[in-house]
Amino acid sequence: MLSVSCLDKLPTDGIPAETAITTVADAAQAVTGIYSAYKSSALYSGNLTLLPDIQADLVYAVNGYSNTYGDIWRWNILSNDELVTGTWAALYGVIGRCNFLLDRTPDIMKKLTDDDLADELSVYEAEAYFARALAYSELVKFWCKTYESRAQAEKELGVVISKTYNSKETPVRATLAESYDFIISDLEKAEKGLTPKEGYTGSFYDSIYFSLYTVYALRARLALYMNDWENAVKYSSLVIDSGKFWLSDCNELYDSEYSYYDYMWQMDHSTEAIWKVGFELTSYGGSLGRVFFNYDYSSFKPDYVPATWVLNLYESSDLRYSSFFETVQTGYSHGLTWPLVVKYLGNAEYLAAGILHVNMPKVFRLSEQYLIRAEAYIRQNQLSKAATDITTLRKARYSSYSGTALNESNAMETIENERVRELFMEGFRLNDLKRWHKGFKREPQEQSISNGSSLNVAADAPLFVWPIPQHELMTPGSKIEPNESNH
């Protein structure tokens, strides 16, 4: 069988390239397609969010489970794994859409005489640059080793960088340094086009569209991953200190039923959401909560339940616990009673319409920016500033909280545990362990399946870096080098 690379897929339903995007209206439609592509269950409404945390140490598979994501949980990940290859394909699919638009915007711009239309096109172009940068940032995160230093990154394998849609270049992996450089270059272009005009008074929070602050948020995340503490502080501060976003407080009521924090998870609206993947009742992505419930209108049969050690991290005054977990007797014959992940029970509006376990992924939140800045401060030995950021976050999450005491011996453990508490099942854990060079050991818990419950993963184990899809390695003419996990 002839192997076909995901790098060559056409995102335009066969429309001839020379006529597909010729006007600003066409560009607008193309950008709508880019946002729609991010709804894919192979991305944030599924794989990108769930797989990293299921692969790591945050949840356990339950006896009787459906084996959904089973190979990921057992660390039996092969280069032809459909989840891994599907995620790769979906990310390069987004990149293909972006390239298809970006190849054509210069010609459209040359023909424009209306300044307002030119400004509009510049925004569409900037959105495409950001979408491409975001996709590449995920590829780097999962298919590459960590960025330790510039010298090290210049020697490590990065990703295949496709700059144009109809590239005739032989697919080959750039270095890790070149990959990050390309992402940052795209973000610099996006920043220029997404900077609001002077006098703009609109809001930025709870947006389903990219903005100047999604650029800053991703720059901060990348800086953290690059051990670039100065820029991690700089860009997270541009978000935190902007006054455009506010932590959704567990102690403040939105209405008689929800706190602002609960409202974020139950209704998918929040003042701390910097960018979320926008769903509608007629157009939505995957079901993040399905594997935590498998509700059949009579009982719950979760595939995965939270790890005991995670549940024990939350103090009695930490209100996130009740927002994330609720103890339920499952419908299995063994009758396991355990806290289930109600964080992804589902958007209440969708549940009322019979659509189960669907939530809009909140890809960038203000709380992550506080955690990024706090970790960067710790790495710079500015412990009092880190303590202030952690205290600010916890005051919005605890029923009562006085302050955080950090010292050299507890600072990193504090931030590591806080990232688990705040970002549970949002897709960060695997990469956090990878960049901290930490492994983990699972201990069997009640009704956890035997195959995988005693897994002992060493720091820097090969499968912290996912294997390059086999079909990419086998495509005729490909010079893509495999990862260690391919062997």
Side-chain angles (χ1 to χ4, degrees), residues 43-44 48-50 52-53 56 58 130 133-134 137-138 140-141 183 187 204-207 210-229 231-242 244-250 260-261 264-265 268 270-277 288 313 318 320 323-324 343-344 359-379 385-386 388-397 404 412 414-436:
L43 300 179
Y44 296 111
L48 283 182
T49 299
L50 298 178
D53 288 357
L58 300 187
F130 180 83
L134 180 59
S137 75
E138 298 293 355
V140 165
K141 183 165 70 176
I183 295 167
L187 289 176
F204 290 92
Y205 66 82
D206 203 40
S207 180
F210 306 138
S211 72
L212 178 64
Y213 295 99
T214 59
V215 175
Y216 293 157
L218 183 52
R219 285 296 302 268
R221 185 185 290 175
L222 289 171
L224 184 74
Y225 293 170
M226 297 171 72
N227 298 329
D228 182 357
W229 315 126
N231 276 320
V233 170
K234 172 185 174 181
Y235 286 103
S236 59
S237 296
L238 286 171
V239 178
I240 293 168
D241 299 337
S242 68
K244 306 296 183 183
F245 308 92
W246 303 268
L247 289 170
S248 296
D249 202 315
C250 292
Y260 274 92
Y261 192 67
M264 173 167 63
W265 300 113
D268 291 330
S270 171
T271 58
E272 72 175 60
I274 303 167
W275 178 63
K276 65 184 182 184
V277 181
L288 284 174
L313 276 183
D318 192 335
R320 286 174 293 197
S323 295
F324 288 0
K343 180 177 186 176
Y344 293 140
N359 289 94
M360 299 182 205
K362 298 146 197 73
V363 181
F364 294 103
R365 291 197 291 124
L366 182 62
S367 62
E368 184 206 356
Q369 298 299 305
Y370 274 107
L371 291 168
I372 288 172
R373 190 167 73 174
E375 184 173 345
Y377 279 144
I378 289 170
R379 300 290 191 173
K385 290 183 177 180
T388 297
D389 279 344
I390 294 171
T391 297
T392 299
L393 177 59
R394 288 180 174 174
K395 282 185 174 180
R397 303 298 190 242
T404 306
M412 275 307 300
T414 299
I415 197 68
E416 289 168 12
N417 287 340
E418 199 62 31
R419 284 183 69 87
V420 173
R421 295 185 191 100
E422 178 64 22
L423 303 174
F424 176 77
M425 291 312 304
E426 293 183 54
F428 292 95
R429 182 61 173 171
L430 186 72
N431 191 60
D432 281 348
L433 290 172
K434 181 170 74 170
R435 64 189 182 84
W436 292 329

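Residues: numbered from 1 along the sequence shown.
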Scan for salt bridge (Lys or Arg N to Asp or Glu O under 4.0 Å) pairs involving residues 366-376, sequence neighbours excluded, and state none if there are none. R221-E368, D241-R373, R373-D389, E375-R379, E375-R435

Quick one: list whatever passes ring pair (Phe, Tyr, Trp, His ring centres under 6.0 Å) with [X], sequence neighbours left out.
X	answer
F204	Y200, Y213
Y225	none
W436	none
F210	Y35, F130, W275

Kindly write out the residues that satisfy salt bridge (charged side-chain N to carboxylate O under 4.0 Å, His left out) with K395, not counting sequence neighbours, or none if the list is empty. none

With sequence neighbours excluded, what pairs up with [X] under the side-chain hydrogen bond (donor to acceptor under 3.5 Å, both in side chains) test?
X	answer
D206	H269, K276
K244	none
Y216	none
R397	E272, E422

Report yes if some heavy atom in the side chain of [X] is under 4.5 Å from a heavy atom in the side chain of [Y]; otherwise report no.
X	Y	result
V239	F364	no
E138	Y44	yes
K385	V233	no

Residue pair I378 / I415: nearest heavy atoms and the distance that separates them: CD1-CB, 3.9 Å

Residues that N231 engages under side-chain contact (heavy atoms from CB on, under 4.5 Å), provided they are two or more places apart: A223, D228, K234, Y235

Set of side-chain contact (heavy atoms from CB on, under 4.5 Å) partners for T414, sequence neighbours left out: I390, R394, L406, N410

Take L222 and L187, measure what side-chain contact (heavy atoms from CB on, under 4.5 Å) needs, and give me the verdict at the end. CA-CA 11 Å; L222 289 171; L187 289 176; 3.7 Å; yes

Passes side-chain contact (heavy atoms from CB on, under 4.5 Å), K362 versus D268? Steps please. CA-CA 8 Å; K362 298 146 197 73; D268 291 330; 2.7 Å; yes

